[in-house]
Asks: 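One structure, as structure tokens, below. Some questions next.
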Amino acid sequence: MSLEVNPLRFAEIFRALTRDGATAEGGLNRPALSRAHLDARDTFRGLISECGFEAHTDGAGNLSAVWRCAEPDAPTLMLGSHLDSVPNGGRFDGTLGVTAAFEVARTLREAPHPKKMHLEVMDFTDEEGTWVSLMGSRAATGRLTEKDLAHPRGNPEAFVMALDRAGLTVEGILGADRSAEPPAAYLELHIEQGTRLERTNSRIGIVTGMVGIHMFLIAFNGQANHAGTTPMLERQDAALGASAFCLAVRRRVLEDFPDCVATVGQMKFVPGTFNIVPDQVTVFMELRSDDPHRAGQLEDALRGAAADAADGYGLTAEFNHLESVTESAMDPDICRLMESSCTRLGLKYSLLPSLAGHDAQSMARICPSGLLFVPSRLGYSHSAAEYTDWDDCVAGANALLQTAHALAISQ
Ligand code: HGY
Ligand code: MN
Ligand code: MN
């Protein structure tokens, strides 16, 4: 009988790791470096020592469980994901991956065959970009710059407070680069966060590559004025430019860039109250494509749309690039290992690109990396409605185990 994870133990660890930051709606609210996120890390750290692993934390706060095989200078197989969530997110995004990686490492450690690799189970900091997208894994792969950390998505003051709370420093984060001694390979299990597996009746998704994600701040500048006494046609209302731009984003993508997606996730109004015509509205927009050339073309098109929206309402617009996560390919040999794992387990699988960003995207810069998906019910994610059948979670963990076994166990 081939090696299998222990479903009860797996469920027990998942319950333990989804308590901190649990919401009444059944989701998780633990943005990176929040108290709830740090509590979840404390819980994981406790489980690491309880289960006989070494706990390691680097300058970026990345927390890992390490088990060393008999060969002191053996390479390391890293498996992981992230414990941080989006605000009011779901229980499975990230936490399922860390839990599955932990269960796989425990099962491999118990397997009778000699291991030829050390095992490292990783929880990366701020995968969700509460502060900086994929912050922990980009720090670990030497792809984070001082500039990235100088312009955190929240505001710099809140970022400094969050670093203090977590006992981190900018220098420490930038020093977490381990690209000089990379793992031999990196594997991740994650929920799909879409409906493609459901639609094809696949139990497992084998990810071939991830899209690039490009984030921008577009400030529309008008003139603050009295909401009562300023005639409607004499206003320079920044909200109108921002709103026209928002609709133009959708129109341009649908009409000219159906292979891309673009999202306005936030708008900040200044001064931001009832009785003042807004002086400035900053639009937080991101666009995604697996082709950097198309992403560049869409950016140019949206720069034009912003200028047109501003002109239409007597405003000015500043279109600033905030940060980008570059698209990346998963390792073809690891994808083939994953295919044979699924075949051996009798799991129907499909090969597909990921439209979401993942830590595997960073790790692919320094070592062969692979990412497995399990289905998301009705595709919901980044909300309490996020759900994956536990049987699918166990099937995903077993596919992860078989792949890790093929890499780490002497044949
Ligand atoms: O935004 C994403 O694609 C990922 O969930 N962080
Ligand atoms: Mn995730
Ligand atoms: Mn996410």
Side-chain angles (χ1 to χ4, degrees), residues 14 17-18 21 23 27-34 37 40 62 79-101 122-138 143-144 148 152-154 186-196 205 207 209-216 260-266 284-290 295 322-328 330 352-364 369-376 379-388 393 396 400:
F14 186 68
L17 291 179
T18 47
T23 61
L28 281 183
N29 184 29
R30 55 191 197 205
L33 309 186
S34 63
H37 174 237
N62 296 318
L79 309 102
S81 196
H82 61 94
L83 290 177
D84 66 290
S85 80
V86 292
N88 292 319
R91 282 183 301 147
F92 295 83
D93 179 353
T95 302
L96 177 66
V98 174
T99 310
M122 177 61 85
D123 155 33
F124 283 114
T125 301
D126 198 14
E127 187 275 351
E128 294 293 1
T130 294
W131 306 106
V132 178
S133 203
L134 302 179
M135 181 166 81
S137 54
R138 283 166 70 192
R143 260 132 192 104
L144 205 61
D148 293 322
R153 284 191 203 174
Y186 174 77
L187 302 177
E188 182 168 356
L189 175 70
H190 203 284
I191 53 172
E192 181 205 341
Q193 302 175 295
T195 55
R196 289 170 292 173
V207 175
M210 280 87 140
V211 291
I213 307 177
H214 308 274
M215 291 145 259
F216 303 89
C260 303
V261 287
T263 309
V264 169
Q266 187 179 0
F284 289 51
M285 187 274 290
E286 61 138 77
L287 62 90
R288 301 188 182 202
S289 168
D290 59 3
L322 184 66
E323 58 163 308
S324 286
V325 175
T326 39
E327 56 294 317
S328 75
M330 295 293 95
L352 73 174
S354 171
L355 304 175
H358 296 286
D359 289 311
Q361 193 155 2
S362 301
M363 292 308 289
S369 297
L371 175 62
L372 287 168
F373 277 163
V374 286
S376 295
Y380 286 122
S381 183
H382 283 189
S383 89
E386 187 177 274
Y387 182 78
T388 297
C393 295
L400 185 71

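Counting begins at 1 with the first residue of the sequence. Start at 1 and go down the list; that is how both ligands and their atoms are numbered.
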Asks: Compare all side-chain heavy atoms of Arg138 with those of Glu323 and state whether any distance is below 4.5 angstrom.
Replies: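 Touching, per the 4.5 Å side-chain cut-off.
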
Asks: Dump all N/O pairs between ligand 1 and the protein below 3.5 Å as a table: atom names plus distance, one pair per row.
Replies:
| residue | atom | partner | partner atom | Å |
| --- | --- | --- | --- | --- |
| ligand 1 | 1 (O) | Arg288 | NH2 | 2.9 |
| ligand 1 | 3 (O) | Arg288 | NH1 | 2.7 |
| ligand 1 | 3 (O) | Arg288 | NH2 | 3.2 |
| ligand 1 | 3 (O) | Gly357 | N | 2.7 |
| ligand 1 | 5 (O) | Glu128 | OE1 | 3.3 |
| ligand 1 | 5 (O) | His382 | NE2 | 3.1 |
| ligand 1 | 6 (N) | Glu127 | OE1 | 3.2 |
| ligand 1 | 6 (N) | Glu127 | OE2 | 3.2 |
| ligand 1 | 6 (N) | Glu128 | OE1 | 2.9 |

Asks: Could you work out, with salt bridge (Lys or Arg N to Asp or Glu O under 4.0 Å) as the rule, every residue matching Asp290, not counting sequence neighbours?
Replies: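 For Asp290, no residue satisfies salt bridge (Lys or Arg N to Asp or Glu O under 4.0 Å) once neighbours in sequence are set aside.
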
Asks: Rounded at 0.5 Å granularity, tell me how far CD in Glu188 sits from OG in Ser354.
Replies: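 One finds 9.5 Å between CD of Glu188 and OG of Ser354.
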
Asks: For Glu192, enumerate each residue passing the salt bridge (Lys or Arg N to Asp or Glu O under 4.0 Å) test, keeping only those at least two apart in sequence or located in another chain.
Replies: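 For Glu192 the salt bridge (Lys or Arg N to Asp or Glu O under 4.0 Å) partners, ignoring immediate neighbours, are Arg196.
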
Asks: Under 2.8 Å from the Mn ion (ligand 2), which protein N, O or S atoms are there? Could you list them by chain and number?
Replies: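 Short answer, with waters excluded from the count: His82 NE2, Asp93 OD1, His190 NE2.
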
Asks: So, Thr263 side chain and Gly265 main chain: donor-acceptor pair closer than 3.5 Å or not?
Replies: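 Side chain of Thr263 to backbone of Gly265: no pair is present.
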
Asks: Between His82 and Asp93, does the side chain to side chain donor-acceptor pair (under 3.5 Å) criterion hold? Intermediate values first, please.
Replies: CA-CA 8 Å; His82 61 94; Asp93 179 353; 3.1 Å; yes

Asks: With distance as the sole criterion, is a donor-acceptor pair present between the side chains of Ser328 and Gln361 under 3.5 Å?
Replies: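 There is no such pair (donor and acceptor under 3.5 Å, judged by atom type) between the side chains of Ser328 and Gln361.
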
Asks: What distance do Ile191 atom CD1 and Cys393 atom SG have between them, rounded to the nearest 0.5 Å?
Replies: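 The SG atom of Cys393 is 9.0 Å from CD1 of Ile191, to the nearest 0.5 Å.
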
Asks: To the nearest 0.5 Å, what is the distance between OG (Ser34) and CG (Asn29)?
Replies: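 With rounding to 0.5 Å, OG (Ser34) is 7.0 Å from CG (Asn29).
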
